[in-house]
Amino acid sequence: MKTYPAEKIYEETAFISYYNHWSHDDIMAMSHRDRVRWCDEISKINSKLNKEPENIFKI
């Protein structure tokens, strides 16, 4: 079983909650795959608006 660094989970959670205003519990109830997908989609929107790289969370 591969573990995911706690620091990355905090970054994903903060990122999603900042932009979507969702609760910590709601975000943590998501699978890791879903959190990464939301980060990716939010990043795409931001990159289009700010002309920045697409996803800062991409591994």
Side-chain angles (χ1 to χ4, degrees):
M1 178 179 194
K2 185 177 177 182
T3 60
Y4 195 69
E7 182 176 314
K8 287 303 228 180
I9 294 171
Y10 282 114
E11 287 177 356
E12 293 168 2
T13 303
F15 188 75
I16 295 168
S17 65
Y18 177 81
Y19 284 99
N20 290 1
H21 307 286
W22 293 347
S23 73
H24 176 267
D25 290 341
D26 288 341
I27 297 167
M28 294 308 292
M30 291 184 215
S31 69
H32 167 67
R33 178 175 282 179
D34 286 341
R35 281 193 311 271
V36 170
R37 176 68 190 264
W38 276 103
C39 288
D40 186 47
E41 294 302 322
I42 295 166
S43 291
K44 285 178 186 178
I45 293 167
N46 282 333
S47 69
K48 287 177 186 176
L49 295 174
N50 300 321
K51 297 179 172 88
E52 294 176 353
E54 277 195 8
N55 186 351
I56 62 171
F57 294 102
K58 194 164 264 182
I59 298 174

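All values below were derived from every heavy atom in this structure, side-chain atoms included, with hydrogens, water molecules and symmetry-related copies excluded.
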**Report entry** I9: side chain to side chain contact (heavy atoms under 4.5 Å, CB included) partners, not counting sequence neighbours
**Finding:** Y4, T13, M28, R35
Requested in this report: Report yes if the side chains of N46 and Y19 come closer than 4.5 Å at any heavy-atom pair, otherwise no.
Outcome: yes
**Report entry** Listed partners of N20 passing side chain to side chain contact (heavy atoms under 4.5 Å, CB included), at least two apart
**Finding:** I16, W22, W38, I42
Requested in this report: I would like to know whether R33 and R37 meet side-chain contact (heavy atoms from CB on, under 4.5 Å); could you show each step before the answer?
Outcome: CA-CA 6 Å; R33 178 175 282 179; R37 176 68 190 264; 5.6 Å; no
Query raised in the report: So do E12 and H32 actually touch side chain to side chain, heavy atoms under 4.5 Å?
Result: yes
